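A short worksheet on the structure shown next.
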2 protein chains.
Amino acid sequence: MAKEKGQPEINKAFTEECNKVLTAVSDALYVIGGKWKLMIIIAMARGNNRFTELQRQITGISARVLSSELKELEINGFIEKKVTVGYPVTIEYQLLPYSHMLEELVGAMTKWGIQHREKIKSERASGGATSVRV
Amino acid sequence: MAKEKGQPEINKAFTEECNKVLTAVSDALYVIGGKWKLMIIIAMARGNNRFTELQRQITGISARVLSSELKELEINGFIEKKVTVGYPVTIEYQLLPYSHMLEELVGAMTKWGIQHREKIKSERASGGATSVRV
DNA sequence: CGGCATCCAAATAGATACTG
DNA sequence: CAGTATCTATTTGGATGCCG
(Lines give C-alpha, C1' and ligand atoms only; values in the text may rest on other atoms or scores of the structure.)
Protein backbone atom coordinates (compact mmCIF):
# COMPACT_ATOMS: atom_id res chain seq x y z
CA MET A 1 0.00 0.00 0.00
CA ALA A 2 0.88 3.69 -0.05
CA LYS A 3 2.17 3.50 -3.55
CA GLU A 4 -0.99 3.90 -5.63
CA LYS A 5 -1.49 7.13 -7.46
CA GLY A 6 -4.77 7.86 -5.73
CA GLN A 7 -3.66 9.95 -2.74
CA PRO A 8 -0.81 12.13 -3.86
CA GLU A 9 -0.79 14.32 -0.73
CA ILE A 10 0.00 11.37 1.49
CA ASN A 11 2.84 10.26 -0.70
CA LYS A 12 4.14 13.78 -0.83
CA ALA A 13 4.42 14.10 2.93
CA PHE A 14 6.15 10.75 3.00
CA THR A 15 8.53 11.77 0.29
CA GLU A 16 9.40 15.00 2.03
CA GLU A 17 10.09 13.30 5.31
CA CYS A 18 12.11 10.74 3.42
CA ASN A 19 14.18 13.40 1.75
CA LYS A 20 14.80 15.11 5.04
CA VAL A 21 16.08 11.94 6.63
CA LEU A 22 18.12 11.01 3.59
CA THR A 23 19.77 14.42 3.54
CA ALA A 24 20.55 14.31 7.24
CA VAL A 25 22.02 10.82 7.11
CA SER A 26 23.95 11.71 4.02
CA ASP A 27 25.35 14.78 5.80
CA ALA A 28 26.33 12.68 8.78
CA LEU A 29 28.02 10.04 6.64
CA TYR A 30 29.91 12.72 4.81
CA VAL A 31 31.62 13.98 7.95
CA ILE A 32 31.92 10.88 10.10
CA GLY A 33 31.68 8.19 7.46
CA GLY A 34 34.54 5.98 6.49
CA LYS A 35 36.27 3.31 8.47
CA TRP A 36 38.23 5.45 10.85
CA LYS A 37 36.77 8.72 12.06
CA LEU A 38 34.38 7.32 14.63
CA MET A 39 36.97 4.83 15.79
CA ILE A 40 39.44 7.61 16.45
CA ILE A 41 36.90 9.60 18.41
CA ILE A 42 35.99 6.53 20.44
CA ALA A 43 39.59 5.76 21.23
CA MET A 44 40.24 9.36 22.21
CA ALA A 45 37.21 9.42 24.48
CA ARG A 46 38.88 6.54 26.33
CA GLY A 47 42.06 8.43 27.00
CA ASN A 48 44.18 7.76 23.96
CA ASN A 49 45.49 11.16 23.12
CA ARG A 50 48.86 10.54 21.54
CA PHE A 51 49.49 9.62 17.95
CA THR A 52 51.21 6.37 18.80
CA GLU A 53 48.63 5.41 21.39
CA LEU A 54 45.93 5.82 18.82
CA GLN A 55 47.82 3.80 16.29
CA ARG A 56 48.25 1.00 18.77
CA GLN A 57 44.66 1.05 19.96
CA ILE A 58 43.05 1.17 16.55
CA THR A 59 43.87 -2.07 14.85
CA GLY A 60 44.92 -1.78 11.27
CA ILE A 61 45.32 1.96 10.85
CA SER A 62 48.51 3.20 9.27
CA ALA A 63 50.40 6.34 10.17
CA ARG A 64 49.53 7.96 6.90
CA VAL A 65 45.83 7.35 7.29
CA LEU A 66 45.76 8.28 10.96
CA SER A 67 47.55 11.49 10.19
CA SER A 68 45.14 12.56 7.50
CA GLU A 69 42.08 11.55 9.50
CA LEU A 70 43.27 13.59 12.47
CA LYS A 71 43.64 16.58 10.21
CA GLU A 72 40.12 16.24 8.92
CA LEU A 73 38.75 15.80 12.41
CA GLU A 74 40.53 18.96 13.42
CA ILE A 75 39.21 20.91 10.47
CA ASN A 76 35.71 19.74 11.25
CA GLY A 77 35.89 20.87 14.84
CA PHE A 78 35.92 17.51 16.59
CA ILE A 79 39.41 17.58 17.99
CA GLU A 80 42.25 19.91 18.76
CA LYS A 81 45.98 19.39 18.47
CA LYS A 82 48.00 20.54 21.43
CA VAL A 83 51.74 20.97 21.21
CA THR A 84 53.49 21.31 24.54
CA VAL A 85 56.92 22.78 24.15
CA GLY A 86 59.54 21.33 26.45
CA TYR A 87 62.56 19.11 26.40
CA PRO A 88 60.70 16.38 24.71
CA VAL A 89 58.00 18.20 22.80
CA THR A 90 54.74 16.39 23.41
CA ILE A 91 51.84 16.41 21.07
CA GLU A 92 48.38 15.54 22.26
CA TYR A 93 45.02 15.47 20.62
CA GLN A 94 42.00 16.52 22.64
CA LEU A 95 38.37 15.97 21.95
CA LEU A 96 36.41 19.18 21.68
CA PRO A 97 32.92 19.49 23.16
CA TYR A 98 31.38 19.08 19.74
CA SER A 99 32.50 15.50 19.54
CA HIS A 100 30.45 14.62 22.59
CA MET A 101 27.36 15.15 20.51
CA LEU A 102 28.31 11.93 18.79
CA GLU A 103 27.85 9.89 21.94
CA GLU A 104 24.28 8.92 21.24
CA LEU A 105 25.21 7.89 17.72
CA VAL A 106 28.17 5.89 18.92
CA GLY A 107 25.99 4.25 21.54
CA ALA A 108 23.41 3.22 18.99
CA MET A 109 26.06 1.90 16.66
CA THR A 110 27.79 -0.04 19.40
CA LYS A 111 24.56 -1.61 20.48
CA TRP A 112 23.68 -2.57 16.95
CA GLY A 113 27.15 -3.91 16.20
CA ILE A 114 27.01 -6.19 19.22
CA GLN A 115 23.57 -7.46 18.30
CA HIS A 116 24.67 -8.06 14.77
CA ARG A 117 27.67 -10.11 15.81
CA GLU A 118 25.40 -12.19 18.04
CA LYS A 119 23.06 -12.76 15.15
CA ILE A 120 25.87 -13.87 12.86
CA LYS A 121 27.20 -16.23 15.49
CA SER A 122 23.86 -17.95 15.97
CA GLU A 123 23.42 -18.19 12.22
CA ARG A 124 26.80 -19.83 11.86
CA ALA A 125 25.52 -22.58 14.12
CA SER A 126 22.80 -23.36 11.60
CA GLY A 127 24.12 -22.45 8.19
CA GLY A 128 23.22 -19.00 6.95
CA ALA A 129 25.26 -17.11 4.40
CA THR A 130 26.19 -13.77 5.80
CA SER A 131 29.30 -11.72 6.11
CA VAL A 132 31.46 -10.46 8.89
CA ARG A 133 35.08 -9.83 8.45
CA VAL A 134 37.08 -11.97 10.83
CA MET B 1 45.30 12.33 33.63
CA ALA B 2 44.67 8.63 33.21
CA LYS B 3 47.78 8.16 31.21
CA GLU B 4 50.44 7.76 33.91
CA LYS B 5 51.87 4.34 34.45
CA GLY B 6 50.88 4.21 38.11
CA GLN B 7 47.46 2.47 37.98
CA PRO B 8 47.59 -0.17 35.28
CA GLU B 9 44.34 -1.90 36.35
CA ILE B 10 42.32 1.20 35.69
CA ASN B 11 43.80 1.64 32.27
CA LYS B 12 43.23 -1.99 31.54
CA ALA B 13 39.51 -1.84 32.19
CA PHE B 14 39.36 1.25 30.04
CA THR B 15 41.27 -0.43 27.28
CA GLU B 16 39.01 -3.45 27.32
CA GLU B 17 35.87 -1.38 27.18
CA CYS B 18 37.48 0.61 24.42
CA ASN B 19 38.24 -2.50 22.43
CA LYS B 20 34.74 -3.76 22.86
CA VAL B 21 33.25 -0.55 21.52
CA LEU B 22 35.77 -0.32 18.72
CA THR B 23 35.01 -3.86 17.62
CA ALA B 24 31.27 -3.30 17.71
CA VAL B 25 31.43 -0.06 15.75
CA SER B 26 33.82 -1.62 13.32
CA ASP B 27 31.41 -4.51 12.83
CA ALA B 28 28.54 -2.13 12.26
CA LEU B 29 30.47 -0.05 9.76
CA TYR B 30 31.46 -3.17 7.91
CA VAL B 31 27.86 -4.15 7.18
CA ILE B 32 26.08 -0.82 6.92
CA GLY B 33 28.97 1.46 6.14
CA GLY B 34 29.48 3.13 2.83
CA LYS B 35 27.44 5.83 1.24
CA TRP B 36 24.40 3.86 0.23
CA LYS B 37 23.22 1.00 2.40
CA LEU B 38 21.53 3.04 5.08
CA MET B 39 20.05 5.36 2.48
CA ILE B 40 18.47 2.45 0.68
CA ILE B 41 17.00 1.09 3.88
CA ILE B 42 15.63 4.50 4.78
CA ALA B 43 14.05 4.95 1.39
CA MET B 44 12.54 1.49 1.53
CA ALA B 45 11.13 2.13 5.00
CA ARG B 46 9.25 5.03 3.39
CA GLY B 47 7.58 2.92 0.79
CA ASN B 48 10.05 2.88 -2.07
CA ASN B 49 10.12 -0.75 -3.03
CA ARG B 50 10.85 -0.74 -6.72
CA PHE B 51 14.25 -0.45 -8.32
CA THR B 52 13.40 2.68 -10.24
CA GLU B 53 11.67 4.29 -7.29
CA LEU B 54 14.78 3.81 -5.24
CA GLN B 55 16.97 5.21 -7.95
CA ARG B 56 14.79 8.28 -8.20
CA GLN B 57 14.56 8.81 -4.46
CA ILE B 58 18.23 8.38 -3.71
CA THR B 59 20.03 11.20 -5.37
CA GLY B 60 23.17 10.27 -7.17
CA ILE B 61 23.05 6.50 -7.10
CA SER B 62 23.60 4.69 -10.35
CA ALA B 63 21.85 1.55 -11.49
CA ARG B 64 25.02 -0.43 -11.23
CA VAL B 65 25.70 0.60 -7.66
CA LEU B 66 22.08 0.26 -6.58
CA SER B 67 21.98 -3.21 -8.02
CA SER B 68 25.05 -4.40 -6.19
CA GLU B 69 24.03 -2.76 -2.92
CA LEU B 70 20.63 -4.44 -3.06
CA LYS B 71 22.35 -7.75 -3.53
CA GLU B 72 24.53 -7.22 -0.49
CA LEU B 73 21.58 -6.10 1.60
CA GLU B 74 19.79 -9.26 0.59
CA ILE B 75 22.74 -11.47 1.47
CA ASN B 76 23.01 -9.79 4.85
CA GLY B 77 19.38 -10.39 5.68
CA PHE B 78 18.09 -6.83 5.57
CA ILE B 79 15.86 -7.10 2.55
CA GLU B 80 14.14 -9.61 0.35
CA LYS B 81 13.53 -9.59 -3.36
CA LYS B 82 10.05 -10.50 -4.45
CA VAL B 83 9.24 -11.38 -8.02
CA THR B 84 5.57 -11.42 -8.86
CA VAL B 85 4.87 -13.31 -12.01
CA GLY B 86 2.15 -11.85 -14.17
CA TYR B 87 1.65 -10.05 -17.43
CA PRO B 88 4.09 -7.41 -16.49
CA VAL B 89 6.41 -9.15 -14.08
CA THR B 90 6.90 -6.90 -11.07
CA ILE B 91 9.89 -6.93 -8.83
CA GLU B 92 9.70 -5.50 -5.36
CA TYR B 93 12.15 -5.29 -2.53
CA GLN B 94 10.85 -5.67 0.99
CA LEU B 95 12.50 -4.81 4.25
CA LEU B 96 12.88 -7.79 6.54
CA PRO B 97 12.31 -7.48 10.29
CA TYR B 98 16.02 -7.38 10.91
CA SER B 99 16.35 -4.02 9.24
CA HIS B 100 14.01 -2.48 11.79
CA MET B 101 16.71 -2.94 14.36
CA LEU B 102 18.50 -0.15 12.57
CA GLU B 103 15.82 2.37 13.44
CA GLU B 104 17.49 3.65 16.57
CA LEU B 105 20.76 4.04 14.72
CA VAL B 106 19.10 5.83 11.85
CA GLY B 107 17.31 8.07 14.31
CA ALA B 108 20.53 9.02 16.06
CA MET B 109 22.25 9.66 12.77
CA THR B 110 19.41 11.77 11.46
CA LYS B 111 19.37 13.86 14.58
CA TRP B 112 23.07 14.38 14.46
CA GLY B 113 23.10 15.18 10.77
CA ILE B 114 20.48 17.88 11.25
CA GLN B 115 22.36 19.38 14.17
CA HIS B 116 25.58 19.32 12.21
CA ARG B 117 24.07 21.13 9.26
CA GLU B 118 22.73 23.78 11.63
CA LYS B 119 26.16 24.17 13.13
CA ILE B 120 27.80 24.60 9.76
CA LYS B 121 25.22 27.13 8.72
CA SER B 122 25.78 29.28 11.78
CA GLU B 123 29.52 29.04 11.30
CA ARG B 124 29.20 30.20 7.73
CA ALA B 125 27.64 33.38 9.07
CA SER B 126 30.84 34.14 10.97
CA GLY B 127 33.65 32.56 9.04
CA GLY B 128 34.69 29.10 10.15
CA ALA B 129 36.44 26.65 7.91
CA THR B 130 34.46 23.46 7.81
CA SER B 131 33.16 21.16 5.19
CA VAL B 132 29.82 20.07 3.92
CA ARG B 133 29.28 18.98 0.42
CA VAL B 134 26.81 21.25 -1.30
C1' DC C 1 57.79 10.16 18.94
C1' DG C 2 55.05 12.20 15.27
C1' DG C 3 54.73 12.48 11.35
C1' DC C 4 55.41 13.42 5.61
C1' DA C 5 56.64 11.66 0.81
C1' DT C 6 56.37 8.34 -2.55
C1' DC C 7 54.75 4.52 -4.91
C1' DC C 8 51.45 1.25 -5.83
C1' DA C 9 47.23 -1.95 -5.24
C1' DA C 10 42.54 -2.36 -4.53
C1' DA C 11 38.03 -0.78 -3.77
C1' DT C 12 34.51 2.34 -5.34
C1' DA C 13 31.90 4.58 -8.33
C1' DG C 14 30.50 7.28 -12.74
C1' DA C 15 29.22 7.05 -17.80
C1' DT C 16 27.43 4.81 -21.38
C1' DA C 17 25.37 1.38 -23.89
C1' DC C 18 22.64 -2.59 -24.28
C1' DT C 19 19.07 -6.35 -23.11
C1' DG C 20 14.75 -9.25 -22.14
C1' DC D 1 11.07 -1.71 -15.88
C1' DA D 2 15.08 -3.92 -13.98
C1' DG D 3 18.86 -4.64 -14.56
C1' DT D 4 24.03 -6.27 -16.86
C1' DA D 5 28.44 -5.24 -19.23
C1' DT D 6 32.32 -2.66 -20.03
C1' DC D 7 35.51 0.73 -19.46
C1' DT D 8 37.47 4.32 -16.99
C1' DA D 9 38.21 7.82 -13.25
C1' DT D 10 38.55 8.73 -8.55
C1' DT D 11 39.18 7.53 -3.88
C1' DT D 12 41.18 4.97 -0.49
C1' DG D 13 44.56 2.87 1.81
C1' DG D 14 48.71 -0.28 2.61
C1' DA D 15 53.97 -0.47 2.52
C1' DT D 16 58.13 1.56 2.94
C1' DG D 17 61.49 4.87 3.87
C1' DC D 18 62.93 9.12 5.69
C1' DC D 19 63.17 13.19 8.79
C1' DG D 20 63.62 16.44 12.87
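We name chains A, B, ... by the order of the sequence lines, and we start the count at 1 in each one. Just so we're clear, the structure is a prediction, and the values are computed from it rather than from any experiment.
Atom C1' of nucleotide dA13(C) and atom CG of L29(A) are separated by 16 Å, given to the nearest angstrom. Nucleotide dT16(D) holds its C1' atom 17 Å from the CG atom of L66(A), rounded to whole Å. Distance, I61(A) CD1 to dG2(C) P: 14 Å, rounded to whole Å. Rounding to whole angstrom units, CH2 of residue W36(A) and C1' of dT12(D) are separated by 11 Å. Going from atom CG of L70(A) over to atom P of dC1(C) covers 16 Å, rounded to whole Å. The CD atom of Q55(A) sits 11 Å away from the C1' atom of dC1(C) (whole-angstrom rounding). Atom OH in Y93(B) sits roughly 8 Å away from atom P in dA2(D) (whole-Å rounding). Spacing between atom CD1 of I58(B) and atom P of dA2(D) amounts to 14 Å, rounded to whole angstrom units.
Closest to the side chain of A63(A), from the set dG13(D), dC4(C), dT4(D), is dC4(C). Considering only side-chain atoms of R64(B), the nucleotide from dG2(C), dC4(C), dG14(C) that sits closest is dG14(C). Side-chain proximity of I91(B) to the nucleotides dG2(C), dA2(D), dC4(C) is greatest for dA2(D). Taking the side chain of K81(B) as heavy atoms from C-beta on, and the options dG3(D), dC1(D), dG13(D), the nearest nucleotide is dG3(D). Comparing dT4(D), dG13(D), dG14(C) by their nearest atom to the side chain of V65(B) picks out dG14(C).
No side-chain donor-acceptor contact under 3.5 Å links N49(B) to the backbone of E92(B). Side-chain N or O atoms of T110(A) include one that pairs as donor or acceptor with a backbone N or O of V106(A) at under 3.5 Å.
Side-chain heavy atoms closer than 4.5 Å link hydrophobic residues (I, L, V, M, F, W, Y) into clusters, and following such links, even through other members, never connects I114(B) to M101(A).
Note: Q115(B) CD to D27(A) CG = 12.5 Å, rounded to the nearest 0.5 Å.
Contact annotation: S62(B) side-chain N/O to dA15(C) OP1/OP2 distance is not under 4.0 Å. Residue K35(B) has a polar side-chain atom (N or O) positioned under 4.0 Å from OP1 or OP2 of dG14(C). Contact annotation: K71(A) side-chain N/O to dG3(C) OP1/OP2 distance is not under 4.0 Å. The side chain of T52(B) places an N or O atom within less than 4.0 Å of a non-bridging phosphate oxygen (OP1 or OP2) of dC1(D).
Within 4.0 Å of G34(B), counting heavy atoms only, lies no atom of the nucleic acid at all.
No cation-pi contact links K37(B) to F78(B), judged by a cut-off of 6.0 Å to the six-membered ring centre and 45° from its axis.
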